[in-house]
> 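Structure provided below as structure tokens; questions to follow.
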Number of protein chains: 2
Amino acid sequence: MPQAAARPTLEAVAARAGVSRATVSRVVNGEAGVREVLAVKVRRAVKELGYVPNRAARSLVTRRHDAVAVVIAEPETRVFADPFFGLQLRGISKELTARDVQLVLLLTEGRDDHERVGRYLAGGHVDGALVFSLHLDDPLPGIIHGAGVPTVFGGRPGWAGGVGSARYVDCDNRGGARQAVRHLVGLGRTRVAHITGPPDQTSAVDRHDGYRDVLPTADPDLTATGDFTPAGGERAMRLLLDRRPDVDAVFAANDLSASGALRVLRESGRRVPQDVAVVGFDDMLPVAEQADPPLTTVRQDIEEMGRLMAAMLLRGQGQAGGGGGAGTAEEGDAAYGEVDVEDDGACVVLPTELVRRESA
Amino acid sequence: MPQAAARPTLEAVAARAGVSRATVSRVVNGEAGVREVLAVKVRRAVKELGYVPNRAARSLVTRRHDAVAVVIAEPETRVFADPFFGLQLRGISKELTARDVQLVLLLTEGRDDHERVGRYLAGGHVDGALVFSLHLDDPLPGIIHGAGVPTVFGGRPGWAGGVGSARYVDCDNRGGARQAVRHLVGLGRTRVAHITGPPDQTSAVDRHDGYRDVLPTADPDLTATGDFTPAGGERAMRLLLDRRPDVDAVFAANDLSASGALRVLRESGRRVPQDVAVVGFDDMLPVAEQADPPLTTVRQDIEEMGRLMAAMLLRGQGQAGGGGGAGTAEEGDAAYGEVDVEDDGACVVLPTELVRRESA
DNA sequence: CTGAAAGCGCTAACAA
DNA sequence: TTGTTAGCGCTTTCAG
């Protein structure tokens, strides 16, 4: 199954066009300084022969691969349970495709896999890596950092090693959480609970911090630990109801847990939003819009985050198109949030937006 | 960002071990016929130098790439909304990883993308392709077939072109549907409705066929079209209730639509399973187990399907481990369903299993 | 059983 | 502006 059919080479194209290999190479790679007459001949020959450059040969001499690895490190099977990675992958894929860069997917589960990924990355088979590792104690970021491959993280890596030199793209989790809680407070709610995400993920921690920013003196009983799943949301909500039956608002760390909370509230006979107002996070459409009632939530542009990760990784080397400004600027129409530039590279933090629906 | 640091070459290892490049190559590639003394020296040198073969150089001469493309063609954004692809990707990834083959991910949306994918595949950058294209009218399978790349489809491709020569892995959708409906009938239900999936996907069509196999004379009003989403399930269920308020059982084409149906049934004041029994399909854990009540459903081993796809594509060339028998046999302990061997290649259809929970 | 040598298809100096 | 010439790092005959 391996062998591909014999493909035409540069040599063949050159012969057909009556020029040298070098000239063909120049045309194919869009270099300037080839007389248009020749260029036309070459392009015709390319088309007629159906010539496609051999990436391996090119890679051998350029020492580039035009490939980046996307590492998704998620021990739990829960990974694809929410559409998060899918959306992010989409964004990444779009950007890479536009630059003709291959996306090599690396899925890991378990520690031995980490080592394997480390070896792979250190092996120099790709030009860079986009890494999703959401757990605080994950050794992978460190390993990858050690591999010496240009890397951009998806989400702030919570990694003791040294965040200072890590580039990442994230949304403004803390600010978004503040928006959510302020909204609830603005509604006149005085007993605002928080269902957290897994305490070992930075996004969950940041959202919790946002909650505390607005309500620094809130009763600790108003905070219950969830895990970003509907089941976790249910458990947390039950606990909250048990501890504080008078709760009148809930900020859930993501839409999935919010949906679980909604279910428990309904079961308990409470009306949403009249009795208890609920706000989620993510604006995962299939979840938020289908929720009952539809969920007020904090939107983050996940696909755009993926796009930016890829753009950031490839920055500079791309024949990048439109965009005006320096650095990570893009041609899109979205307004970008703060762009924190740290020592080694930049970190982009995208803004969030409160989307009002019926739950709050 | 592109340039990887200078890596040790075969030459360097050879020098260090005091042998020729050829010998190092043999050892590295596990060929027999190298005296153990030398092999040991070589392995030591490899380790000391941290040598990793350069894939590009190897590829250039072997004309293999040790890479396969995974093509996910889904116009709608809904793709990753259910964990289906994620699980399948996991299975694929495991098998490829075990064989040291790269997974190149190709996401498409829209027709222009199809052409791009066709070009990519025809370009001979990968040794094969694993393709998910679930829509009957999708031109992609045809294009890919034309590209002359070894291909295995995920799910029976519904493609006019000529299924005869297409290899695929699927689960026994039709048989599974029969199990579900028979179960309902066995429960004494006499007005068994069916919520279909999108009529342009083979899996949905096959499941519908299974329903009809068992209930060939069922009232057409007992069948409503869904789209594999909870929202679609809700709509369909409402329609069914409207048309046949006396319905006493529902077979939903997947768990997601079943969850929507459950919600509507609950709203309508019906008890599940006492008044209406519900069976889903997929056994998507986060959905089926969390459903209220937990869903009786038809399980398919999605991850295993992915594994088999990869194994089938790479069959023969792999230094495959354990497994006894011929063809697609595997070392796993799962019992495989029918293995239809057609002209060109084999099609594997995995068995399904009814999982009883509380909804039926 | 081991080594020497010839490329795989391409790009990048360097000449012309 | 174009062509000539070396390799990139590896596998693979073919001798020894």
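Just so we're on the same page: letters track the sequence lines, and every chain starts at 1. Everything numeric here is computed off the predicted structure, so don't read it as measured data.
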> Can you tell me which nucleotide in dC10(C), dG9(D), dG3(D) comes closest to the side chain of Ser20(A)?
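Of all the options, the side chain of Ser20(A) is nearest to dG3(D).
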> Would you kindly compare Arg21(A) and Leu38(A) by the position of their nearest DNA chain D nucleotide and give the one closer to the 5′ end?
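The residue closer to the strand's 5' end, by nearest nucleotide, is Leu38(A).
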> If only atom types and distance count, is the side chain of Asp127(A) paired as donor or acceptor with the main-chain N or O of Arg64(A) below 3.5 Å?
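Pair absent, no side-chain N/O of Asp127(A) close to backbone of Arg64(A).
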> Can you tell me if Asn29(B) touches the phosphate of dT11(D), counting only side-chain N or O atoms and a distance under 4.0 Å to OP1 or OP2?
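So the side chain of Asn29(B) is within the cut-off, an N or O lying under 4.0 Å from OP1 or OP2 of dT11(D).
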> Taking five pairs at each end of the helix from dC1(C)-dG16(D) to dA16(C)-dT1(D), what angle separates the two helix axes (nearest 10°)?
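The end-segment axes of the helix from dC1(C)-dG16(D) to dA16(C)-dT1(D) are tilted 40° relative to each other.
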> For dC1(C), does OP1 or OP2 lie under 4.0 Å from any side-chain N or O of Arg35(B)?
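Arg35(B) to dC1(C) OP1/OP2: no side-chain N or O under 4.0 Å.
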> Counting heavy atoms from C-beta on, name the nucleotide in dT4(D), dG9(C), dT1(D) closest to the side chain of Leu60(A).
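Within the option list, the nearest is dG9(C).
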> Got a sec: does the CD of Glu115(B) have more than 12 other heavy atoms crowding it under 6.0 Å?
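No.
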> Quick one: on DNA chain D, does Val24(B) or Thr23(A) contact a more 5' nucleotide (nearest heavy atom)?
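Here Thr23(A) is the residue nearer the 5' end.
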> So does Arg26(A) reach the base of dG3(D) with its side chain, donor to acceptor, closer than 3.5 Å?
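Per atom types, the contact qualifies.
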> Does dT11(D) have OP1 or OP2 under 4.0 Å away from a side-chain N or O of Thr62(B)?
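Looking at the OP1 and OP2 atoms of dT11(D), neither is under 4.0 Å from any side-chain N or O of Thr62(B).
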> State the CZ-OG1 distance between Arg116(A) and Thr97(B), to the nearest 0.5 angstrom.
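Answer for the CZ-OG1 pair, Arg116(A) versus Thr97(B), is 4.0 Å.
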> Starting at the 5' end of DNA chain C, which residue's closest nucleotide do you reach first, Leu10(A) or Gly18(B)?
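Residue closer to the 5' terminus by nearest nucleotide: Gly18(B).
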